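See structure below.
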Amino acid sequence: MTNAHPSEIDDFDAWESRPLSERARPQPPYLPGLNEAQREAVELLDGPVLVLAGAGTGKTRVLTTRLAHLINQQRAFPSQILAVTFTNKAAREMKERVAQLLGNAVEGMPWLGTFHSICVKILRRHAELVELKPNFTILDSDDQLRLIRQLLDAEGVDDKRWPARMFAAQLDRWKNRAQGPGQVPADETGFGEGRGVEFYRMYQERLRTLNAVDFGDLLLHVVTIFQHHPDVLADYQRRFRYILVDEYQDTNVAQYLWLRLLAAQHRNICCVGDDDQSIYGWRGAEVGNILRFERDFPSAQVIRLEQNYRSTPHILAAASGVIAANRERLGKTLWTDADAGERVRLIGHWDGEEEARWIGEEIEALARGTRGHDALSLDEIAILVRASFQMRAFEDRFLAIGLPYRVIGGPRFYERMEIRDAMAYFRIVVSPDDGLAFERIVNTPKRGLGDKAIQRLNQLARERGTNLLEAARIAAGGGEGITRKGASALGQLVGQIDRWAEMLRGTEVSHVELAEIILDESGYTAMWQADRSAEAPGRLENLKELVQALEEFENLQGFLEHVSLVMDNERDDAGAKVSIMTLHGAKGLEFPAVFLPGWEDGLFPSQRSMDENGVKGLEEERRLAYVGLTRARRHLTISFAANRHIYGRWQSSLPSRFIDELPPETVEVLTPPGLYGGGYGAAAAQEMTGSTLERAAAEASTYNSPGWKRMAERRASAGAGQGRGAHSPVVNATASARFETGTRVFHQKFGYGRITGIEGDKLSIAFEKAGEKKVVASYVTPAENQGGSEDIPF
DNA sequence: GGCCAATTGGTTTTT
DNA sequence: CCAATTGGCC
């Protein structure tokens with residue numbers, strides 16, 4: 001079974017038989033400059049190697065240099081190296097940097113990519129082995145959930161008792177462990193009164209009918225093929241002479257099996273990772289994979305990268321102090337020869353709003369350079385939170401003071417409704433079997449075909465053993481239990497799809513033009529043009545962007561595959577801005593100044609993690625703390641609030657237990673000692689009551705640290721009225737007095753608009769760009785004075 | 001079949 | 001508090 005690239009293999013054999021002297025290479029220019037451990041990690045090319053790369057130790061550099069070295073030393077053709085990453089971003093970066101190292105001497109590496117993209121490539125070649133057609137579609141989790149809903153509904157499962165989401169999660173767990181319906185452990189079939197495996201089978205069957213796979217299938221199917229078809233496996237084993245894996249601590253069982261199968265012949269597998277940065281256990285990652293590496297690959301060499309080039313000793317000490325409390329770890333000691341730098345700052349606040357206000361002011365100080373350092377660009381500052389709801393407090397505050405920020409990891413472009421709709425139109429034109437796509441668009445725009453009609457179509461498709469599109473064609477003829485109006489609408493739609501499919505095959509129009517025609521003729525664009533809601537203009541804008549994005553692809557098919565695998569959302573909006581993101585989102589990044597707010601027990605570590613996963617959960621939270629701490633280069637500030645406004649109710653909490661784990665000598669405490677009983681952290685605060693907290697806060701101005709003084713001054717100057725936040729009655733009164741209906745105003749986020757109504761502290765404003773919105777009065781300034789209430793010098 | 005009001009539940013996220 | 005989804009009503 002030599003299905004793939006025989007020419008490449010022949011080339012290699014020819015090359016391998018050449019005398020050694022011809023293969024010799026001069027000392028490569030990229031080796032000097034690496035430290036000893038890094039160099040070892042680059043040069044140990046043969047056999048299994050585990051590189052334990054602590055945060056900031058030059059992991060990416062090692063990985064890319066090793067790749068370049070393999071090619072430079074002619075150990076293998078680029079096409080014989082398998083290099084896997086988790087994200088497209090990482091893959092892209094690696095490609096670029098290898099090309100840079102080798103001076104563009106290498107034509108692309110076909111097997112450098114994410115687990116999923118590489119699996120797609122393999123699976124398309126052998127699709128028939130798992131009863132798929134090579135042009136199968138890849139469903140995202142949204143489609144997946146809809147399919148599950150349909151299935152469970154058809155089986156009469158009560159969604160209240162057995163929610164579709166729950167089954168989706170279960171499916172994920174199974175697929176993450178590469179367990180097909182036949183390999184599900186007996187004690188995990190409980191879903192739907194013991195019908196879990198039955199549903200799993202049916203779900204897989206439906207996917208097959210749709211000629212579709214979900215994300216989990218990409219790995220599961222390939223592993224299944226490898227296990228059942230030794231000839232196919234042998235082919236790939238032979239091809240991949242060298243294997244490199246990034247972020248090994250994040251691999252799940254399926255990925256692990258996949259790697260082990262592929263590495264079995266040459267055994268040249270190099271995994272790079274950091275067990276201390278494993279933070280994706282909740283989505284199937286197995287820290288165990290990295291902890292067990294030496295057992296899995298006997299004679300493996302383990303290299304530790306421990307010299308940190310990113311952070312100051314104080315920051316490293318803080319991170320080490322926290323992570324040392326974890327039991328399950330391989331153990332590394334980061335060190336640096338950088339200057340001590342300033343200590344990690346720790347500060348407690350009365351509530352979340354005060355925390356946001358304080359951080360806002362600190363950021364302004366950093367940006368002005370008034371903290372005794374060179375001024376920082378806002379791009380060099382980040383706020384890392386545990387959960388995204390924490391972001392709002394910062395957004396609110398920064399909007400109010402006009403501090404530019406960017407939220408990283410919001411809703412992705414390709415996840416927007418209008419984009420998914422448009423894509424569904426493209427999908428049904430490209431692949432007539434894609435019933436989910438058809439279902440999505442059949443009544444968008446409204447064609448009078450609701451749930452009833454769709455149910456009937458599905459039934460019809462089942463009866464006739466055909467796909468939804470064909471069923472619709474039949475139903476359009478009438479007499480199939482669809483109303484006359486519905487049948488005629490169906491007939492029109494099917495006719496349109498046929499015509500578009502015809503155009504797709506022909507050469508008359510380009511795929512970009514076709515896309516425009518589809519969106520136009522279907523009435524989809526018109527639907528949004530007719531929509532008077534605030535979002536409509538933005539959606540039309542997005543559709544334009546979508547069509548524009550198409551231009552970079554050869555055809556619709558290629559584009560669709562790109563989108564299903566590369567859900568990137570890198571919008572590079574210009575201007576220096578503070579980054580606000582989750583700790584998860586910050587992995588792999590670094591910033592000169594980092595703020596870590598919300599270090600309260602229950603929030604961080606998250607109560608839910610601890611409740612659901614006990615010590616394991618707590619340890620993962622602790623690794624998350626470690627990731628957060630090690631993002632900082634020079635300035636690091638941890639903070640917590642005694643009270644927080646969560647989901648509309650006040651909640652008070654104790655400082656995070658992780659705070660107790662910070663080595664005291666690396667920390668500068670800005671919180672008055674009274675506020676949390678002298679020491680800091682949960683243990684010290686255990687016995688504090690609300691009233692003692694209040695009294696301590698009142699005594700705060702007597703505290704003597706410079707940081708605290710600064711804060712006290714600020715607090716005093718802020719004035720008592722605003723001390724409890726921008727939403728206080730005082731502010732409201734001023735605000736409503738300042739505005740009246742019809743006033744033209746400016747809002748930091750939504751731009752210009754006219755006030756259409758006032759309710760208490762909230763204004764209804766018809767924005768010129770963003771449409772009608774309700775906005776808190778204090779975030780809006782009269783249009784004549786758009787500079788805002790404070791002058792910010794940037 | 002479509003629209004509005006009430007209800008509910010709300011870490012972390014890539015592919 | 002707020003969004004997303006569901007249930008009831010036209």
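Naming: A, B, ... by sequence-line order, numbering from 1 per chain. Only a predicted model underlies this, so the values are computations on that prediction, with no experimental measurement involved.
- Between the P atom of B:dT15 and the CD1 atom of A:Ile138 lies a distance of 13 Å, rounded to the nearest Å.
- Summarising the geometry, the separation between CZ on A:Arg92 and P on B:dT14 is reported as 13 Å, rounded to the nearest angstrom.
- A syn base is found at B:dT11: its glycosidic angle is within 90° of 0.
- Comparing B:dG2, B:dG10, B:dT12 by their closest approach to the side chain of A:Lys446 singles out B:dG2.
- Residue A:Tyr647 is classed as a base contact, given a heavy-atom separation below 4.0 Å to a base.
- Here A:Trp282 counts as stacked on B:dT12: its ring centre is under 5.5 angstrom from the base ring centre and the planes meet at under 30°.
- The pair A:Asp601-A:Arg657 counts as a salt bridge, with a side-chain nitrogen and a carboxylate oxygen less than 4.0 angstrom apart.
- Side chain of A:Ser388, nearest nucleotide from C:dC1, B:dG1, B:dT12: B:dT12.
- The side chain of A:Arg386 sits closest to B:dT11 out of B:dG1, C:dC1, B:dT11.
- Here the separation of C:dT5 from B:dT12, taken at their C1' atoms, is 23 Å to the nearest Å.
- Of the candidates B:dT12, C:dC1, B:dT15, B:dT12 carries the atom nearest the A:His584 side chain, counting heavy atoms from C-beta on.
- As a whole-Å value, the separation of A:Tyr414 OH from B:dT15 P is 13 Å.
- Each of A:Asn443 and A:Thr582 lies near DNA chain B, and the nucleotide nearest A:Asn443 is the one positioned closer to the 5' end.
- Taking atom CH2 of residue A:Trp258 and atom C1' of nucleotide B:dT15, one finds them 13 Å apart after rounding to whole Å.
- Mapping A:Gly448 and A:Met610 onto DNA chain B by nearest heavy atom places A:Gly448 closer to the 5' end of the strand.
- Separation of the C1' atoms belonging to B:dT11 and C:dT6 is 24 Å when rounded to the nearest angstrom.
- Summarising the geometry, the separation between CZ on A:Arg165 and C1' on C:dA4 is reported as 10 Å, rounded to the nearest angstrom.
- Contact annotation for A:Glu561: no contact, since no heavy-atom pair falls under 4.0 Å across all strands.
- At whole-Å resolution of the value, CG in A:Leu219 and C1' in B:dT15 are 9 Å apart.
- Between A:His645 and A:Arg392, every side-chain heavy-atom pair lies at or beyond the 4.5 Å cut-off.
- The phosphate of B:dT11 (OP1 or OP2) has a side-chain N or O of A:Arg608 nearer than 4.0 angstrom.
- A:Asn176 places its CG atom 11 Å from the C1' atom of B:dT14, with the value rounded to the nearest Å.
- Nearest nucleotide to the side chain of A:Arg392, out of C:dC1, B:dT11, B:dT13: C:dC1.
- A salt bridge links A:Arg146 to A:Asp143: one of the charged nitrogens lies within less than 4.0 Å of a carboxylate oxygen.
- With rounding to whole Å, A:Asp172 atom CG is found 16 Å from B:dT13 atom P.
- Among the heavy atoms of the strands lying under 4.0 Å from A:Asp451 are primed sugar atoms or P, OP1, OP2 only; no base atom is included.
- Between A:Leu171 atom CG and A:Gln179 atom CD the span is 11.5 Å, to the nearest 0.5 Å.
- Between A:Phe215 atom CZ and A:Leu565 atom CG the span is 6.5 Å, to the nearest 0.5 Å.
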Problem set entry | salt bridge (charged side-chain N to carboxylate O under 4.0 Å, His left out) evaluation trace for A:Glu621 with A:Arg386 | CA-CA 9 Å; A:Glu621 293 288 306; A:Arg386 176 61 182 77; 2.6 Å; yes
